[in-house]
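Only heavy atoms go into these numbers, but all of them, side chains included; no hydrogens, no water, no symmetry mates. Each chain gets a letter, A, B and so on, in the order its sequence line appears, and its residues count up from 1.
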Amino acid sequence: GTDHAGIATQAVVERRMLEEEGLTRHDIGRDALVKRIWKWKDAYEERIVGQLKSIGASCDWRRIRFTLDDVCAKAVRHTFFKMFKDGLIYRGKRLVNWDTFLQTAVADDEVFDEEIDGHFWTFHYKVVDDQENDTNEVIRFSTTRPETMLGDTAVCVHPTDERYTHLVGKKVRIPLNGRLIPIVADKDLADKELGTGAVKVTPGHDPNDYACYARKLGKADQIEIIDLLNLDGTVSSACDNSKYVGKDRLIVRDLVVADMEAIGQFEKVEDRKIPLKHSDRSKTPIEPMRSDQWFVKMGLHATPDGRVIELAQSAIDAVKNNRVRFYPSRYASTYIDWLSEKRDWCISRQLWWGHRIPIWSKTFESGSAMEAFVQGHISHSADSVDFPFSKISVGKVGFTQHDSKGNIVKQVESEIPSKYYFGEGTWVQAYQLPTGEYSLLVCIASGREGIEAEFEGKGFTQDPDVLDTWFSSALWPHATLGWPDEEHDPPLDAEECAKQTASEPRALATGQAPTSAVADASGSDGNRVLDTFYPGSVLITSRDIITLWVARMVLTGLYNMGDVPFRHVHVHPKILDGFGQTMSKSKGNGVDPVDLIEKYGADAVRFSIASFAGETQDVRLPISYECPKCETLIPQTLKHQKAKPEDGKKPTVRCPKCKADYQYTSPAYDPDPGVPVARMVSERFEYGRNFCNKFWNAARFAMLNLEGYTPGEVTADQLQLEDRWILSRLSTVTQQVDQYLLRYQFDAATRAIREFTWNEFCDWYLEMIKPRLRSEPRALATGQATTNAVADASGSDDETRATAQRVLLAVLDSLVRLLQPFTPFICEELWQRLKEIAPTRALPAEESGVKNQESGKARNHEPQASSLKPQASEEAAIIAAWPRIPASWQDEALERRFARLQETIIAVRNVRAIYSIPPGTPVKLLMRASAEVAGDIQSVASQFDNLAKAVLEAAGAEVERPIGSASFSLGETAGYIPLEGLIDRAAELERQTKEAEKLRKHIAGHAGKLSNESFTAKAPPEVVAQVQETLDGLKRQLESVEAVIRDLG
RNA sequence: GCGCCCGUAGCUCAGUUGGUUAGAGUGCAUGCUUGACAUGCAUGAGGUCGGAGGUUCGAGUCCUCCCGGGCGCACCA
C-alpha cells in the first residue's frame, strides 16, 4: 500500500497551484484543497502501484491499503481515542518554525538555511541589588536579534565561569520595559569561550533557550516564558512597552538598538554572516514561535484506571529481548539510542492533508463557568438525549512498579485532571489555558452517528490540525489487517489459509514452526485475517526511518496488539547517484524503475538490485541518458539533475553521435508530450540482463536436448564424474544461499547462484555433457595408454544420454526454484515449458535417514549413494517448494579432483592462446603425473578433446618433455604440448623465466616465514604445516619450470 | 560537535572468527562466424588494499590519529 506523506504531498500540490494558477490554499479553502490533493494522490498512487506490478511484486492486491482510507482511518481514530482515554495524549506547547508571511507552521524539511548579511550587537544589562535598585555592575551579552530582548526572561552563564559565579541568583533589569529577570547557570546553554560568556534567554523565540527553559521547569531556578510575537510577526503586548506593540519585529529591532544606545547600554556592533532559517515556500525568514500542539507521552505513565504504560521502554525492550531483530544488527543501536531519549512525540501538524485530530473543544471564561456547563449536562441515565456527562475521577493516582524479583524500581504519580465520561465513544478532558480560561476537550471515537454534530451544535469546534503522517503509518502492520474490527474484507478463506500454511517453509526468516492457520480459520472469534498475518515475519526498510517509522510501529503494535508487529527488521542500503548523493525527488536525481524495466527487463532489474544489496555499502548508481535515436549513452551530470524548465522550455541533453538535443526524463517535471525523450538508464543493470540472458539460453539448450526424455530413477553407479560434481556443487550452493537469505544478504545469495549457474553449470557441466547428449559414441582418445574406464562402467550410450538428461533436468529444476524469488518472470516461463516437456522429473530430495543440512558434517562421510527419484512437479514455479538438496551429495574429494581437471584444461587453452593455435587445430597433450593423478586424467581423456581440442597421448610418472614443446606446470603435475616448428624458443624461454621468477619470489616469502622462529613457535601447528605444504608445492613447481628452461636453453 | 558506515583494479563492488600467491563484474587488449547464448566463448594485462603509526609470529581484516566521502542526530548568542 501507500501512505499519504502529509507534508511532502500537500507542499507539492500547493506549490503547483501557486506556480500554475497563482492560488494559495486560503484562496480555495480546506475542502477544495483536500479534494485536489486526493486527485493528485490517485494519479501518483496508480503510478507507484504500477511500478510495483511491473517489477513483479507478488502481493495480494485485494488487500491494498492507503493510510487515509476508511480502514486505516478507523484504526487511527480508535488508537487516538484509546491513548487519550489512557491519558497518553496531552496538549502542550512547542516551538515551531513559523512562517510569518504565510502565517503557517513549517516543517523542518521545508526549511532551508541561508547565510544573510547581519549584525552582531553587544549590549549590557545592569545588575540590581536586593532593593531592586540598579548597581554599577553590568552583564554584557551579544545578539543578532536585539528585539527579542523584550521577551528575555533570564541571562544565562556557565556554572563554572568564574567571571559570573557571584552573580548567579541575582537579577538584572531589561531597561526598555523595566522587567527584572534572573541570572541563571546552565552548562548546555552558555559557553565560556563564546562571546562574553553570558547569553540572554528568550525561551519563547529561540530553540536553545526553549530547551534551557524546559530543563529548568519545576526546579528552584525555573524561568518564565513570554510569547513576544504575534502570528504576523509584529510585537505583541507581552513586550510591556506600548512603544513597540504592533510594530513589525524588524522595525522594533532598529528601535531597540537606538533606544539602548540612547541610554548608554549599547556597547558595539559588528557585521557578520548569519545562517538564518528560511521558509522554503515563502522564502521569508522563519521565526521560532510557541504554539499549541498535541503530544503522545513516551515515558513512564500511569493511566486513570491504574495501568502503567511505558511506550518507549516497551519498544526498547522488544529489541533488547530479541523479539525484534535488526539485520544488520548495528542498526539496533540507532533505534535504542533514539527511543532512550523518551522525547514525547508531537503528533499534530498544521496541515489540511491528513487525519484530522478527533478533538472538539469549547472555551469557557473561567473554571466555574466550565463546571456549570458540565453540571448542567450531568446525568446518570443512559437514555438522556442531551449531554449526559458522568464524572469519574479527580485527583492524583499513584503506583509502584516492581521488577520480576519484587523490588521497587519506580514510583509513579500522575495528576488526573477532572474527567467526564459521556456515553460510549467520547472522553472529555478539562484544560486550563495560559490566559486563565478553561477549555473542554472532547475526544470522539468513531462509530456513533450524529455525535459530532451534537457537540458542534453546543459550540464545540474541531481542532483544525491533522495528525503526523507517522501516526497512521505507525499502525500499518495491524491497521491494514482490519484492526480493531472483528471482520475484515476480504475475509480469509480456507483455501487461503491452506496456502499460507503451505508457503510457510519459504518464510525462511521466521525460523518458527508453521502455525496452523486453517485451525484458526475454523474458529469464529476475532479477526482471522489479523490473527493469521500478525505479526509479520520481516519489515524491510531504509535506515533513515528507523526512528520515525520502525520504532513507532513497534510501540503502537505493543500498545494495541500486545505483540511486536514483525520479528525481523532488514535495513537495506540506499541508492546513490553517480556523484554519491542519495536519490531524492527534490534533488531530481531519481530514476523511474519502469524506464529501467523497459530497457533491461524486470528480472534483470530485480536481479541486479538484489546483487547490489550488501550489508555495509550504499549502492552507487551512475545514470546515463539514452539517446532516443541511436541509443548512445550520455552520462548524467549535476547540471542535468539541477536543470529546471525555464520560460516553458524543457532542459535538453545533447547526443554526441547524433549531434541533436533531446528532452530527458526527470522526476521533477514531465517532458512535453509527443517529443522524443532520452530515458534514464544505468549500465550497472547489464549485469543482471546478461545473467538472465545466459540462464535463459542455458535452459533453452537443455530443453532442446530433451528429445526422447523419459523419467526414471538415476542410481549412483550411473552417475559420471561431471554428474557427481555438479550435484555436489548444487548441494553446497543451495546450502550457502539458504544461509545468506537467512541473514538477508541478497548480494551474496545472488552471487553464489550466478557463479554456480554461469561458471559451473554452463561453462563446465553443459559443455561436458554435450557429447553424451549428442548420443554419438564417445570420442575415445587414440593413445594406447588411454582407457575409458567410466564409459565402460556406465553401459550403453543410450543409458548415458538418459542419465545426462535426468541429471540436467534435476539441476535445472533446482536452479529455477532458487532463482524464482529473484527472476520470477523467466522462471515461471521456464517452469511452464519444462512442465510440457518433462512434467515428471527427478527432484533432488531429502533421503530418508540422511541428516539434514544443518548438521553439515555429512560431507565428511563416505559419499552417500546419491539417487534421483522422479516426482511430478508443482503447478507453477511461484508455489514450487524451495529446493532441499541433501548435504550428503557434497563430496569434497571429488571436487578437488575435478578442480585439477579444470586447471589442466585451462592450461592447455592458455598454451593455445599464446601460440595462436586456431581453435579447430587439435594438439597433442602429454602429462607427467603421479600414478593416481594420471589415472584420473586418463579416465576423462575424452574431455580434453571436448573442451580443449587436445588429444591425450600419454599420462604417467615416466613421461618426458618432448623436444620443441610448450609446457605448463600445476604443482607436481606437468603438461607438455609438442609444437614442432610452431614454438618460438625465445618467447617460450622468456615466458618460463618470468614464471620461475614469480615462483622464486613466493618461495622466498614462504621460506622466510618458516625460518622465523617466532612464527613456528607461536602460530598454530596447522598454519605452519600449511605454509610448509605450500612451500613444497611451489618448490616442485619451480623445479618443473626450471627443467623446461634447461631443455629450452 | 556526537554517532554509524565507507575508501580495495580505469569504473561498480566482494573479501567469513587476522593465516596459502587479494577476487568478481564491467571496461581494456588479443583471438574466436556454422547448432543454447556476440547480452556470447577463450586467453591476458591491470592493485605498495586512502595516509601515518601501533598490536601481532602474521594486518585489506584489529586499535589510534590524520585525509576524503555518505548518512543520521545535535548545534550555530
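By the neighbour-count criterion of 12 heavy atoms within 6.0 Å, atom CD of A:Gln581 is densely surrounded, having more than that number from other residues, nucleotides or ligands. The neighbour count for A:Glu1013 CD, taken as heavy atoms of other residues, nucleotides or ligands under 6.0 Å away, does not exceed 12. Atom CZ of A:Arg94 has 12 or fewer neighbouring heavy atoms from other residues, nucleotides or ligands inside a 6.0 Å radius. Counting non-hydrogen atoms of other residues, nucleotides and ligands closer than 6.0 Å to CZ of A:Arg140 gives a total of 12 or fewer.
With hydrogens and angles ignored, no donor-acceptor pair under 3.5 angstrom links the side chain of A:Glu341 to the base of B:rA74.
If you take atom C1' in B:rG51 and the same atom in B:rG60, they sit 14 Å apart, rounded to whole Å. B:rC62 and B:rU20 have their P atoms separated by 16 Å, given to the nearest Å. Rounded to the nearest Å, the gap between the C1' atom of B:rA14 and that of B:rC6 is 14 Å.
Between A:Glu997 and A:Arg1000, no side-chain nitrogen of the basic residue sits less than 4.0 Å from a carboxylate oxygen of the acidic one, so the salt-bridge criterion is not met. The existence of a salt bridge linking A:Arg145 and A:Glu287 is confirmed by a sub-4.0 Å separation between a basic side-chain nitrogen and an acidic carboxylate oxygen.
Across all strands shown, A:Val1023 has heavy atoms under 4.0 Å from base atoms, whether or not it also approaches the sugar-phosphate. Among the heavy atoms of the strands, none lies under 4.0 Å from A:Phe141. Across all strands, A:Ala198 comes closer than 4.0 Å to base atoms (heavy-atom distances). When heavy atoms are screened at a 4.0 angstrom cut-off, A:Pro207 is found touching no nucleic acid atom at all. Residue contacts shown for A:Arg912 are absent, as no nucleic acid heavy atom lies under 4.0 Å away. Residue contacts shown for A:Arg1000 are absent, as no nucleic acid heavy atom lies under 4.0 Å away. A:Trp758 comes within contact range of the sugar-phosphate backbone alone, with a heavy-atom separation under 4.0 Å but no base atom that close. Counting any heavy atom pair closer than 4.0 Å across all strands shown, A:Arg145 reaches no nucleic acid atom. Residue contacts shown for A:Arg620 are limited to sugar-phosphate atoms, with no base heavy atom under 4.0 Å away. Within the nucleic acid shown, A:Ser916 has no heavy atom closer than 4.0 Å to any nucleic acid atom. Contacts of A:Lys694 with the nucleic acid, taken as non-hydrogen atoms under 4.0 Å apart, include base atoms. Residue contacts for A:Glu767: at a heavy-atom cut-off of 4.0 Å it reaches a base atom on one of the strands shown.
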I'd like a table of donor-acceptor pairs (distance under 3.5 Å, sequence neighbours excluded) in which one partner is a side-chain atom from residues 746-759 of chain A, with atom names and distances.
from	atom 1	to	atom 2	distance (Å)
A:Asp747	OD2	A:Arg751	NH2	3.3
A:Thr750	OG1	A:Phe746	O	3.0
A:Thr750	OG1	A:Asp747	O	3.0
A:Thr757	OG1	A:Ile753	O	2.7

Under 3.5 Å donor-acceptor pairs involving side-chain atoms of residues 606-615 of chain A, not counting sequence neighbours:
from	atom 1	to	atom 2	distance (Å)
A:Arg606	NE	A:Phe822	O	3.1
A:Arg606	NH1	A:Ile55	O	2.7
A:Arg606	NH1	A:Gly56	O	3.1
A:Arg606	NH2	A:Pro821	O	2.7
A:Ser608	OG	A:Ala604	O	2.7
A:Ser608	OG	A:Gly688	N	3.1
A:Ser611	OG	A:Ser608	O	2.7
A:Glu615	OE1	A:Gln745	NE2	3.1

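Helical stems in RNA chain B, defined as runs of 3 or more consecutive Watson-Crick or G-U wobble pairs with donor-acceptor distances under 3.5 Å: B:1-7 with B:67-73, B:10-13 with B:23-26, B:28-32 with B:40-44, B:50-54 with B:62-66.
As rounded to whole Å, 13 Å separates atom C1' of B:rC13 from atom CG of A:Leu576.
The side chain of A:Arg909 places no N or O atom within less than 4.0 Å of a non-bridging phosphate oxygen (OP1 or OP2) of B:rU30.
Map A:Phe120 and A:Thr1016 each onto its nearest nucleotide of RNA chain B; the residue landing nearer the 5' end is A:Thr1016. Mapping A:Phe701 and A:Pro622 onto RNA chain B by nearest heavy atom places A:Pro622 closer to the 5' end of the strand.
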Between protein and nucleotides 59-61 of chain B, what N or O pairs are separated by less than 3.5 Å?
none

Taking N or O atoms only and anything under 3.5 Å, show me the protein contacts with nucleotides 44-49 of chain B, one pair per line.
none

Between protein and nucleic acid, restricted to nucleotides 4-8 of chain B and to nitrogen or oxygen atoms under 3.5 Å apart, what atom pairs and distances do you find?
from	atom 1	to	atom 2	distance (Å)
B:rC5	O2'	A:Thr616	O	2.8
B:rC6	O2'	A:Gln617	OE1	2.6

Pair A:Glu903, A:Arg900 - check salt bridge (charged side-chain N to carboxylate O under 4.0 Å, His left out), show working. CA-CA 5 Å; A:Glu903 281 169 12; A:Arg900 210 150 49 205; over 6 Å; no

